[in-house]
Amino acid sequence: MAAVVDIDALSAQLGVNWSEVNLDSIQLPPGNNFGIESDDEAVYHDDQSEFDTGFGNIIVVDHLPVVPKEKFEKLEGVLKKIYNQLGVIKENGLWMPVDPDTKMTLGYCFIEFNTPQEAQNAKEKSHGYKLDKTHIFAVNMFDDFDRLMNVREEWEPPQARPYVPGENLQKWLTDEKARDQLVIRSGPDTEVYWNDARQKKPEPVHKRPYWTESYVQWSPLGTYLVTLHKQGAAVWGGADTFTRLMRYQHSMVKLVDFSPGERYLVTYHSQEPSNPRDASKVEIKVFDVRTGRMMRDFKGSADEFSIGGPGGVAGASWPVFRWAGGKDDKYFAKLSKNTISVYETETFSLIDKKSMKVDNVVDICWSPTDSILSLFVPEQGGGNQPAKVALVQIPSKVELRQKNLFSVSDCKMYWQSSGEYLAVKVDRYTKTKKSTYSGFELFRIKERDIPIEVLELDNKNDKIIAFAWEPKGHRFAVIHGDQPRPDVSFYSMKTAQNTGRVSKLATLKAKQANALFWSPTGKYIILAGLKGFNGQLEFFNVDELETMATAEHFMATDIEWDPTGRYVATAVTSVHEMENGFTIWSFNGNLVYRILKDHFFQLAWRPRPPSFLTAEKEEEIAKNLKKYSKKYEAEDQDVSLLLSEQDREKRRALKEEWEKWVMQWKSLHEEEKLERQDLRDGEVSDVEEDEYEAKEVEFEDLIDVTEEIVQESM
Amino acid sequence: MTMECVNPEGLRLDARQLCMHISCMLNLAQIQNSSHQTLETRMTPILMKGHERPLTFLRYNRDGDLLFSCAKDHTPTLWLAHNGERLGTYRGHNGAVSCCDVSRDSSRLITGSADQTAKLWDVKSGKQLFTFNFGSSARSVDFSVGDHLAVITTDHFMGVSSAIHVKRIAEDPQDQVGDSVLVLQSPDGKKKINRAVWGPLNQTIVSGGEDTVIRIWDTETGKLLKQSDVEVGHKEAITSLCKAADDSHFLTGSHDKTAKLWDMRSLTLIKSYTTVVPVNAVAMSPLLNHVVLGGGQDASAVTTTDHRAGKFEAKFYDTILEEEIGGVKGHFGPINALAFNPDGKSFSSGGEDGYVRLHHFDSNYFNIKI
C-alpha cells in the first residue's frame with residue numbers, strides 16, 4: 001500500500017489526475033522497461049526475436065540456373081509459381097539480380113514474403129528442391145547471411161562442456177515412507193501433497209496460487225506435471241520442489257495429452273469460427289517433452305480431426321491423436337471421416353505415406369501394450385452390409401482378425417490393461433427394432449488365431465450401465481439391469497476349471513451403483529453410486545466375493561485410486577456448491593481423513609512408473625509378505641504411539657489453557673459480586689454462584705451385553 | 001391485549017397434536033486417536049408447532065421452566081420448558097418478531113419487531129405494558145443486570161442508520177418513558193447490527209452484525225472501547241451472539257461458517273469452531289464444555305432434493321478441543337435459533353420450517369468422552 005501512497009503524493013505534486021489516465025494506452029519505448037519487469041517473462045522473451053532487422057521475411061534462393069535476358073521472364077515465372085504455393089510473395093517481392101555486363105542472371109534471387117513465418121516455411125520446404133539435375137536450390141534466410149559470413153574458415157574443435165547432472169526427476173519415488181503424491185486445485189491455488197495416511201493428514205509439498213490457467217495434468221509415468229497458460233504449456237518436476245523444466249509455446253492452448261512413454265506432448269487449440277456455420281479451426285502441435293522442440297504441427301478445420309456426424313461437439317473429441325500402447329511411443333493414430341491416419345514418430349509422417357481408407361469407421365482403439373488397433377464400422381446400406389469389428393496390426397496394416405455383426409446399433413471397445421483381451425459391448429436391435437439389448441464379444445488376443453467368444457447376460461434384456469476390466473487380471477465387472485437398483489456381475493476369462501472359456505463368478509443383486517472402480521492392483525473394486533445415488537460406496541473383495549465395507553461420501557463426484565492401490569480418494573468437485581473437498585479411504589473402506597475445501601476443482605494422484613520387478617519376484621514377495629510386513633507394522637505402531645502421545649499432550653495443553661481462563665473469570669466474577677448485588681437492588685445474587693460447583697449427574701451405563709449359550713453336555 | 005388462553009380441555013388436545021414424538025438420533029462420533037466409533041443416543045424430541053413462519057429466536061427464563069419463542073409471524077409464544085405445552089401468546093406486534101429477553105424474576109418480557117417497535121409485556125397476563133417506537137425495525141433486545149436497563153438495536157431504514165439504543169426500564173410500568181439514555185451509532189450505518197448484549201456489570205455493550213466486526217462500547221461515555229481484529233475476526237456477517245451466564249465470555253456465529261469464542265472483557269479470541277454451513281445460531285452448554293452451532297444453506301440456495309444436502313443439523317462441538325462431537329438432525333430447513341436450558345439438561349432449536357424442537361438429553365450424552 002505504501003507504494004500507492006507514494007505514487008499518489010507524486011502525482012499530486014506533478015498535477016496529474018489519475019482518473020484521466022488510461023493505463024492501457026501507455027506504450028513504453030521498445031527495449032526500455034524503465035526498470036519495470038514484466039510479470040511474464042515468457043511474453044517478454046518471445047516478443048524479442050521477431051523484430052531483429054526487419055528483413056525476417058526475405059529469403060535468398062541460390063543455385064538457380066544462370067540464364068540470359070531472353071529467358072529471364074520464364075525463370076521468374078517458374079520461381080513465382082513455386083513460391084506462391086508456399087506463401088504470399090509481396091508485390092515486387094522477387095528480385096533476381098543481373099550482371100550489368102553480360103546481362104546474364106547471377107544464379108540467385110531474393111524473395112520477400114508477407115510474413116516471417118511464410119518465409120521460414122518457404123525456406124524449409126524449398127531447401128533442396130530439385131529444379132533439374134544440376135540445379136538443386138540452396139535457400140537461406142536473408143537474416144542468416146551475416147551469421148553465415150562470420151563463420152570462421154578454420155574449424156575449431158567444440159569445447160566440451162563439463163557435465164552437469166540434471167535433477168533427479170524420480171526423487172519422489174524414493175520417499176522413505178513410500179507415500180504417494182496428489183495434486184489438488186481449489187480456488188486459485190494448486191497444491192501438491194504427500195498422502196500421509198499414518199499421520200491421518202496430507203503433508204504439503206508445494207503450493208502455488210495461479211499455477212495454471214485452466215487445469216493441471218500428470219504425465220503418464222508421473223515424472224512431470226503440466227500446467228496450461230495463455231502462451232502455452234509448461235512442465236514441472238524435480239527433486240525437491242517443483243521447478244519449471246520446459247515450456248511449449250502454443251498460444252491459447254486448451255488441452256494437452258502425453259504419449260504413454262511421456263516422450264511427446266500433444267497440445268490442442270481450437271478457434272471458434274466467426275461464422276457459426278463454419279467448422280472451428282483447430283491447431284495441434286506435437287512437442288518432444290525433453291528438448292521442447294516442436295516435432296510437427298497440424299492445422300485445419302475441426303472436420304479433419306473428427307468424424308463429425310450428429311452429436312459431435314464443437315471442435316474435435318480429445319484426445320485427437322491416440323497413442324499406441326507400450327513405452328516406445330512409436331505410433332499415433334487419428335480418426336477422421338472414412339480415414340484412419342497412423343503416424344510414426346521417427347519421421348512424424350504417415351506410415352507408408354498414406355492413410356488407411358476405411359469407409360464409415362466410427363471408432364478406433366489401441367491395445368494398451370501392442371501396436372494393434374481395433375476399429376469398429378457400423379452397419380451400412382440399411383443393414384445390407386453388416387457391422388464390423390476388426391483388429392489391425394501396425395505398421396504392417398495386416399488385418400489380424402475381424403468379426404461381422406448383424407443388426408447392431410452401437411459398439412464399445414474395452415481393452416484389458418495388459419492387452420490380453422478385448423471386450424466389445426454390442427448393442428443389438430430387437431426384432432421390432434424398437435429397443436436394443438446388449439451382449440459381449442470377447443477376443444483373446446494372445447492366443448492362437450485370436451478366438452472370439454460371445455457372452456450374453458443371464459437376462460438378455462438388461463441394460464448395461466458400466467463395464468470394467470480388472471487391471472492386469474482376467475476378470476471383469478458389469479453393472480446391468482434397471483436403475484435405481486441394478487445388479488453387479490463378475491466374470492472371469494479363466495478359472496481353475498475353465499481355462500479357455502469365460503465363466504460367471506457371482507451376481508450381486510440390487511446394488512446402488514452406477515460406476516466401477518477397480519484397484520490398480522486388481523482384486524478389490526469399489527461399486528460406486530455417484531451423482532444420482534448421492535455417493536454410495538461399497539468396497540468389495542472379488543477374490544473372496546465379499547463386501548469389506550460400505551460407506552458414503554455424500555454427493556461424491558469423482559473417485560480415484562492411488563497408483564499403488566493402497567488408498568482411494570473420493571471427491572466432491574465444484575459442480576455442487578456444497579460439501580466441496582475430498583476424503584481418503586484405505587483400500588478396505590476405512591476412512592483415513594477428510595479435507596474440506598471450497599471451490600474444489602480437481603484431484604489427481606501422481607502416477608508411478610511400472611515396477612521393475614519381474615512377475616516371479618512379485619509373487620515371491622506376496623508369498624513372504626508376513627516377513628516383510630513386520631518391519632512396517634512396527635513403524636506403524638511407533639507412529640501411532642507418537643501420534644496419540646502428541647494428541648494427549650495437545651489436549652492437556654488446551655485443557656490447561658482453558659482452566660486458566662475459567663479461573664480468571666471466576667475470580668473476576670467474585671470480585672464484582674458486590675457491585676452486581678448493587679445493580680440488583682441489593683438482591684443477593686449468590687444463588688447463581690453454584691454455576692461452578694461440580695454437579696453430580698448420576699446415570700446408569702450399560703457397558704456391554706454378551707450372550708453366551710451354555711451348551712449342555714448330552 | 002389479553003393473553004390467549006386455552007381451556008384445559010382444548011389444551012390437552014392441542015398438546016397431543018403438538019407433541020409428536022419422533023425418534024431422533026444424536027450421532028456422537030467419538031474420534032479418539034485412531035479408533036473411530038459412533039456412539040448413538042436416542043432422544044425423543046418434542047416437536048412444537050405453534051408458529052406459522054420461520055423461528056427467529058428462543059429464550060429460556062432463569063429458572064429454566066419457561067421457553068419463549070419468536071418467529072416471523074407476529075406473536076411471540078410461551079411454552080412450558082419440560083413438556084412443550086403451549087401456555088399462551090403475546091399479541092400486539094404487527095411485524096416479524098426478531099428477538100426477546102425475559103427479566104431475572106420472569107415478570108417482564110421485552111420483544112423487538114420489524115413493526116419498528118419494541119414492546120414490554122407482563123409475562124403472566126400477556127398484557128402489553130409499554131411500546132418503544134423507532135423509525136426502523138428493532139433487531140435485538142437485552143435486559144441488563146438488575147433489569148433496569150435494556151439495550152435495543154435498530155436497523156437502517158430510509159436514511160436512518162442502524163443504531164444501538166439504551167432505554168431505562170421503570171419499576172412501575174406507569175412511569176415508563178420512551179426516551180433513550182444513550183444512542184450508539186455504528187461506523188457503518190448501512191449494515192445491520194444483529195445483536196447487542198450487556199457486558200459485565202453493565203459497564204459495556206458488545207455488538208456484532210453484518211459488518212463482521214465485534215465492538216465493545218463504554219456505556220458511561222458511549223465511546224467505542226475495542227473492536228475485533230480483522231485478521232482473527234469473522235469474515236462474513238455475524239448472525240448470532242450468545243453470552244455465558246457469568247458474562248465472562250461469549251460465542252459468535254457467522255455466515256463465514258465459523259463460530260468464535262471471545263473473552264468479554266478483553267475481546268481476546270479464545271476458540272474457533274469451523275463447520276460446513278453458514279452459522280445462524282449458537283448456544284453454549286451451561287453444564288458441560290459443549291457448544292452448539294445451528295445453521296444451514298440459505299433457504300433460497302437450497303436446491304437439492306435431499307434434506308441432508310442442506311445440513312440442517314445442530315452440531316455439537318467440544319468447547320476446549322474445538323472438535324465436533326455429534327449432531328442432531330430433524331429440521332427441514334436451516335436452524336435459526338438455539339437455546340440451552342439453564343440446567344444444561346435440555347436444549348431447543350427453532351428452524352426456518354416453523355418448528356421448535358425440544359430435546360432432553362439422555363444419560364449417554366453426559367457420558368461422552370473425547
Side-chain angles (χ1 to χ4, degrees), chain A residues 198 200 534 552 554-555 576-581 590-592 596 598 636 639-641 643-648 650-651 653-659 661-662 664-673 675-683 685 687-689 691-692 695 697-702, chain B residues 31-34 36 62 104-105 144-149 171 200-203 244-249 257 261 263-266 268 270-271 274-277 286-289 297 301-304 306 308-311 318-323 342-345 361-367 370:
Chain A
R198 271 189 191 148
K200 301 200 177 300
N534 287 334
E552 184 192 68
F554 186 54
M555 317 253 264
H576 316 292
E577 243 183 66
M578 300 285 303
E579 304 266 336
N580 279 197
N590 283 331
L591 195 150
V592 184
L596 290 173
D598 272 351
D636 280 354
V639 171
S640 100
L641 273 177
L643 269 186
S644 55
E645 185 54 43
Q646 280 172 353
D647 202 44
R648 265 200 295 278
K650 199 182 108 198
R651 279 159 188 243
L654 284 172
K655 275 225 160 84
E656 257 170 31
E657 192 195 335
W658 178 255
E659 294 298 329
W661 278 107
V662 172
Q664 191 191 331
W665 291 335
K666 226 172 171 175
S667 67
L668 282 166
H669 196 69
E670 197 63 28
E671 272 171 36
E672 293 166 353
K673 189 170 163 186
E675 290 174 69
R676 200 164 39 248
Q677 200 168 320
D678 270 359
L679 285 172
R680 290 191 175 136
D681 307 328
E683 189 193 335
S685 48
V687 200
E688 61 174 329
E689 244 74 298
E691 283 159 2
Y692 286 110
K695 282 190 182 173
V697 183
E698 278 192 30
F699 49 83
E700 270 183 46
D701 189 16
L702 207 58
Chain B
I31 304 154
Q32 190 167 26
N33 298 340
S34 58
H36 185 95
R62 198 174 74 91
R104 191 177 151 86
D105 60 3
S144 68
V145 177
D147 300 324
H148 296 309
L149 295 166
E171 197 81 17
L201 299 176
N202 301 346
Q203 282 163 353
D246 63 352
D247 293 350
S248 61
H249 56 288
K257 303 178 183 176
L261 188 83
D263 180 66
M264 208 158 190
R265 294 178 179 90
S266 61
T268 317
I270 301 175
K271 299 285 175 191
T274 308
T275 176
V276 290
V277 291
L287 190 60
L288 300 173
N289 283 320
Q297 201 69 340
V302 176
T303 49
T304 36
D306 198 304
R308 285 173 302 176
K311 289 275 173 194
D318 185 280
T319 310
I320 303 168
L321 303 176
E322 303 173 332
E323 277 173 27
D343 69 4
K345 290 174 189 169
F361 297 115
D362 70 359
S363 62
N364 274 349
Y365 169 76
F366 302 101
N367 197 18
I370 271 243

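We name chains A, B, ... by the order of the sequence lines, and we start the count at 1 in each one.
Using a 4.5 Å cut-off between heavy atoms, A/Asn590 makes no contact with chain B at all. Proximity to chain A (any heavy atom under 4.5 Å) is restricted, for B/Thr268, to the side chain, taken from C-beta onward. For a residue to count as touching a neighbouring chain, one of its non-hydrogen atoms must lie under 4.5 Å from one of that chain's; by this rule B/Leu288 does not touch chain A. Interface remark: B/Thr274 contributes no atoms to any contact with chain A (heavy atom separation under 4.5 Å). If you measure heavy-atom distances from A/Leu654 to chain B, the contacts under 4.5 Å come from both the backbone and the side chain.
For the set B/Val145, B/Asp147, B/Leu201, the entry with the most heavy-atom pairs within less than 4.5 Å of chain A is B/Leu201.
The side-chain hydrogen bond (donor to acceptor under 3.5 Å, both in side chains) test applied to A/Glu657 returns no partner, not counting sequence neighbours. Judged as a side-chain hydrogen bond (donor to acceptor under 3.5 Å, both in side chains), and not counting sequence neighbours, the contacts of B/Arg265 are A/Glu672.
Residue B/Phe366 comes nearest to B/Gly344 through the heavy atom pair CE2-O, 4.1 Å, listed as atom of the first residue, atom of the second, then distance.
Under a cut-off of 6.0 angstrom, the local environment of CD in A/Glu656 is crowded, with over 12 non-hydrogen atoms contributed by other residues, nucleotides or ligands.
The aromatic ring centres of A/Trp661 and B/His249 sit 6.0 Å or more apart.
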